[in-house]
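A, B, ... follow the sequence lines: proteins, then strands. Residue 1 opens every chain.
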Amino acid sequence: MPIAAPERIWWKPLSRAERVWVVTGVSFLLLLSVSMPIWHAYGAADNPEISYRISPEEFARVAQDFIRRYQVGTYKGIPVVRPPAGASAYLIAQRFQWSPILELKKGETYHIYLSATDVQHGLSLQPVNMNFQVVPGYASLLTLTPTEAGVYTILCNQYCGVGHHLMAGRVIVKE
Amino acid sequence: MASGAAAVAIRRPVEFESRICQVTGLRVDLAAERLITVNAVTAVVFLLIGGIMALFVGLTRWPAVGLLSGNPELYYRFLTAHGMNMLIYWIIFFEVAGLYFGSAIVLNARLVTPKLAWVAYALMLAGAVLGDVVVFSGRADVMWDAYAPMQAPPSFYLSYDLFAVGAFLACCIFFATLVVAKAEGRYRGSVPLVTFGLATAAILAVSSLLGGVFTFVPALLWSFGLMHEDPETYRLTIWLLGHGTQQVNLAAMVSVWYLLAYMTVGAKPLNEKLSRFAFLLYILTIQLGSVHHLLVDPGLSRSFKYWNTSYAMYSAVLGSMIHAFSIPAAVEVAQRAKGYTRGWFEWLRKAPWKEPGFSGSALSLLIFGFLGGTTGVAFGHGPVSILHHNTLAIPGHFHATVVGGTTLAFMALTYYLLPLVVRRKVVGWRLAIIQPYLYGVGVALLGIGMMNAGAAYGVPRRVASIAYQGSPVAVHFPTGAYLALDIAGVGAVLALVGGALYVGIAVATLLWGERIPASQQPLVPVASSPPGLAALGHGVPGTVVLVNVFLLFFFVVVAVNMFFLGHVWPVH
């Protein structure tokens, strides 16, 4: 019984059923383990590898330069920016807004630098359903290729303050 | 019972005030008994506070009700309080009671330094009360994890520091009790399995609390303006604490499963070596696995992330898979020895399903394994994390593990603690019979609804509303998301009723329960191991079928996630 001391010698061989189950479990988990490097080699989506340390002020400055350079319009006060195909782009998370609205071209690959200027945020691209942590002081580099034209929503899914449930932005993908 | 060498005292045993339990034959240290009762009762009080918060949180996230959607500030405050009272105060106070039980009572020993144990209790209580005061007064609407650089006042971090010091003291008293019990010759040979499991929990608690020190001491200094805080370092260390404590819950819950399997059907661990090895895997590897919270974070390399999740986390998963076999197998063997030998599942059909100790731990095992465990492994798979990070699927997963698993197991244990330790007849036994079902089904629906809303529709966690009224861009979730949240809402209501029943039964028993004289048998039947119980003598075909169904389900959960991962935009 589990609340009494075990027999003096309890180091006993496993039964057949126990052995089979342990071997099955180990095999299954090994399969899961190797699926990560295999997915990395052959799968299209993997978590971003490259990130940079950058102060929030510096990131805001670089991102504003980018916005000024490629701005093509404004939507409800948020700049709409169309970076050249294959170029670098910047996305700022700030209580409680995403800036700018990026206008991307389908099938092109962009280098999107993502950071926050105040607290932590979460980038949630919907309805594609891709999610990344956004941490001030660090810029994540997302090398991203939109594969479908349309109007997409970006939500914040890391609690960032009382306006957290209002923090939504846009990504537009054109043919 | 132990055979062979007689107990050897290497130190003169110190006498202590005790009674002999008529049911288990254990010698009960009265000082330990008082501490167990007070810690467990305190736990239930915090469960009640957290439960009231759950009412507001659950009914706000159910869009059909939207209780606090118009008052987001209050929602975020109550959500912060919900996390702290449930995940930290309720569970850890109950675990401290469990540690004192697993050391002093199970080993027929005395709890060393009961006075220091009261100091530990006072520190934890002071931390918990301070935490609640700071949060409810509206000075720290930051969530329990309070990610830097979002800042709370110093008193918030201080409350965690006080609580952690108290919990650390309690762990030290547990270890000291084990050492002194051995020295005074209170038990022979190895410690019992339940004590071994709780020692696993205590070791993990110490290493988790180290993460707490790395997090909340710098945070306290930072809140005073005395040092710089790096947000990613904060995330790394808080998950050493945050994930580590979940493994404390896991080890404590598994110990309770073994204990209740014995008390309800007389199941005896089939292979002590295997079960202990599984606990050892938790100790050795699980802390490294905490990186699966940071898979889509900047600042950490991919190989670091994948090494931690694939080798460290999966070794711990192997431990859980071993228990998931060993416990049902032990129950099957015990039941077959009683004569329930027909077919694969007569032993399961004829199990004491009207015994809340059995039904509660069986449901806890099912919910933890099928809903919590499989999804935890899938969501913590390196690249798959992109699909779920910070969506409602994450709290959906951990409500299946911590609530459907740990909390339900602790509730099931309470129906034995009340007559055996508090020595009062459980009030409202008929309600107690249905309580685990109500709570278990409720939490299962809650978890399924939340995971569906998050995984399939990207509904974010920790938002007061998903209407996005007042946001610069319009956001519309499809009908399916609302349907999933309806399922979660119905589940939340069922779980709230089940939780209220539990608190009601516990409090009514404490206040008005008929006292059980020390000489009398308790009013719950405690099974004894059937005679002729030989390890696996009858084979365990039913368990083999069950674990294979589980494995198939596990495989499907992972495969479905990989399928969806194949359909997002290419990113690296």
>> For a quick test of reading the model, state the closest non-hydrogen atom pair linking His293(B) to Asp297(B) and the distance between them.
In response: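 Answer, listing the atom of His293(B) first, then Asp297(B): O-OD1, 4.3 Å.
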> Can you name the closest pair of heavy atoms from Gly382(B) and Tyr306(B) and give their distance?
Replying inline: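 For Gly382(B) versus Tyr306(B), the nearest heavy atoms are CA-CE1, 3.3 Å.
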>> Let's test your reading of the structure: which of Pro298(B), Ser315(B), Pro460(B) forms the most heavy-atom pairs below 4.5 Å with chain A?
In response: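 With the most close heavy-atom pairs to chain A, the winner is Pro298(B).
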>> Which one wins on heavy-atom pair count under 4.5 Å against chain A: Gln151(B), Arg302(B), Met143(B), Glu232(B)?
In response: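 Top count of heavy-atom pairs under 4.5 Å with chain A: Arg302(B).
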> Within 45 degrees of the axis of the six-membered ring of Tyr159(A) and under 6.0 Å from its centre: does Arg462(B) put its NZ or CZ there?
Replying inline: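 Ring-cation test returns no.
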Structural part of [X] lying under 4.5 Å from a heavy atom of chain A:
X: Met562(B); answer: both
X: Val384(B); answer: neither
X: Phe554(B); answer: both
X: Ala455(B); answer: backbone

> Who in residues 77-99 of chain A is close to chain B, using a strict under-4.5 Å heavy-atom cut-off?
Replying inline: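 Against chain B, the residues of residues 77-99 of chain A that fall inside the cut-off (heavy atoms, under 4.5 Å) are Ile78(A), Arg95(A), Gln97(A).
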Counting only non-hydrogen atoms closer than 4.5 Å, does [X] touch chain B with its backbone (N, CA, C, O), its side chain (CB onward), both, or neither?
X: Trp10(A); answer: both
X: Gln126(A); answer: side chain
X: Tyr152(A); answer: side chain

>> Per the side-chain hydrogen bond (donor to acceptor under 3.5 Å, both in side chains) rule, what does the pair list look like for residues 164-175 of chain A, sequence neighbours excluded?
In response: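 Every side-chain hydrogen bond (donor to acceptor under 3.5 Å, both in side chains) pair that includes a residue of residues 164-175 of chain A, provided the two are not neighbours, is Thr153(A)-Arg170(A), His165(A)-Tyr76(B).
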>> With a 4.5 Å cut-off on side-chain heavy atoms, are Met167(A) and Tyr468(B) touching?
In response: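 No, too far: nothing below the 4.5 Å cut-off.
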